[in-house]
Amino acid sequence: MKLRIITPLTVVLDEPGVMSVRAEDESGSFGILQGHADLVSSVLPSVVIWKRRDGTPHYCAVRQGVLTVTEKGGMVEIATREAVCGDDLETLKTLVRQHYAALDDARRNANVASVRLQLDAVRRIGEGLWSEAGSLLQ
């Protein structure tokens with residue numbers, strides 16, 4: 001089975017040789033093995049777990065998305081807004097925290113830049129109004 005996890009900007013995971021996938025939707029947690037019926041499901045913000053042929057589990061935190069199973073369980077795809085993968089849950093927890101901290105920093109920087117642009121626009125409008133008022137008084 002092949003597992004692919006994609007976001008709007010990148011392919012986060014494209015892994016052949018997957019033996020099983022575990023995900024979660026509104027009905028609860030469910031598993032997918034080779035031979036699974038084709039389906040489409042809306043996954044919740046959760047951790048997707050898959051095992052390779054050697055039995056090692058791997059993890060990917062997803063922020064909602066759409067899971068599709070095609071080719072009689074031969075292909076599992078998850079399209080999500082955000083995904084962070086890790087080889088163990090502790091590492092994944094750290095990576096997710098770092099990911100969201102970086103997003104918070106980027107949002108704060110964007111807000112600061114936006115406020116600077118707004119203040120610059122207000123200053124320029126004010127300068128223009130004062131220069132016009134000065135020319136009217138002469």
Side-chain angles (χ1 to χ4, degrees):
M1 162 182 351
K2 184 173 185 177
L3 174 62
R4 182 180 294 147
I5 300 175
I6 59 172
T7 67
L9 300 177
T10 188
V11 175
V12 176
L13 179 78
D14 191 3
E15 185 167 338
V18 172
M19 294 302 295
S20 66
V21 177
R22 187 152 214 67
E24 186 176 339
D25 65 7
E26 298 242 350
S27 66
S29 179
F30 61 93
I32 301 165
L33 297 170
Q34 185 71 39
H36 195 286
D38 292 356
L39 75 90
V40 175
S41 183
S42 177
V43 292
L44 298 173
S46 59
V47 175
V48 175
I49 304 167
W50 70 94
K51 288 187 180 179
R52 294 182 178 149
R53 286 193 178 114
D54 63 4
T56 58
H58 299 275
Y59 308 91
C60 191
V62 296
R63 183 183 158 203
Q64 293 183 312
V66 176
L67 178 140
T68 57
V69 178
T70 56
E71 303 172 18
K72 295 184 180 180
M75 177 63 135
V76 178
E77 292 181 296
I78 301 172
T80 181
R81 286 200 178 272
E82 294 178 83
V84 178
C85 294
D87 289 333
D88 62 69
L89 288 175
E90 283 304 313
T91 301
L92 182 61
K93 186 191 303 185
T94 302
L95 290 171
V96 168
R97 284 184 179 152
Q98 290 171 350
H99 175 76
Y100 281 108
L103 285 178
D104 286 344
D105 286 345
R107 284 188 193 111
R108 275 192 291 274
N109 291 339
N111 286 341
V112 167
S114 175
V115 168
R116 284 184 181 149
L117 286 171
Q118 291 171 10
L119 289 174
D120 187 49
V122 168
R123 182 183 55 79
R124 288 175 187 241
I125 290 169
E127 288 172 354
L129 290 174
W130 280 113
S131 66
E132 280 187 31
S135 65
L136 289 175
L137 294 175
Q138 291 177 357

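The model shown is predicted, which means the values in this text are computed figures rather than measured ones.
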Hey, is R124 close enough to D120 for a salt bridge, meaning N to O under 4.0 Å? yes
Where do R52 and M19 come nearest, in terms of heavy atoms and distance? O-CG, 3.5 Å
I'd like to check the side-chain hydrogen bond (donor to acceptor under 3.5 Å, both in side chains) partners of S20; sequence neighbours left out, ordered by chain and number. none
Only distances under 3.5 Å count here; give the side-chain donor-acceptor pairs of residues 65-77 to other protein atoms, sequence neighbours excluded, each with its distance to 0.1 Å.
{"unit_1": "E77", "atom_1": "OE2", "unit_2": "R4", "atom_2": "NH1", "d": "2.9"}

Apart from L119 itself, its cluster of hydrophobic side chains linked below 4.5 Å comprises V115
Side-chain heavy atoms of V21 within contact of I49, under 4.5 Å: no
CD1 of I32 to CE of M1: how many Å apart, nearest 0.5 Å? 7.0 Å
Between atom OG1 of T56 and atom CG of D88, what is the distance when rounded to the nearest 0.5 Å? 11.5 Å
Within the 4.5 Å heavy-atom criterion, are E26 and L44 side-chain neighbours or not? yes
Rounded to the nearest 0.5 Å, what separates atom CD1 in I5 from atom SG in C85? 4.5 Å
Contact between E15 and W50 at the side-chain level, heavy atoms closer than 4.5 Å - yes or no? yes
Any idea which heavy atoms bring D87 and H58 closest together, and the distance? OD1-ND1, 3.0 Å
Which distance, rounded to the nearest 0.5 Å, do you find between the CZ of R81 and the CD1 of I6? 13.0 Å
Calculate, to the nearest 0.5 Å, the distance between atoms CD1 and CD belonging to I78 and Q64 respectively. 13.0 Å
What are the two closest heavy atoms between K51 and P57, and how far apart are they? CG-CA, 4.1 Å
Does any donor atom in the side chain of S41 or D25 lie under 3.5 Å from an acceptor atom in the other side chain? yes
Mark yes when over 12 heavy atoms from residues, nucleotides or ligands other than R123 sit less than 6.0 Å from its CZ; otherwise mark no. yes
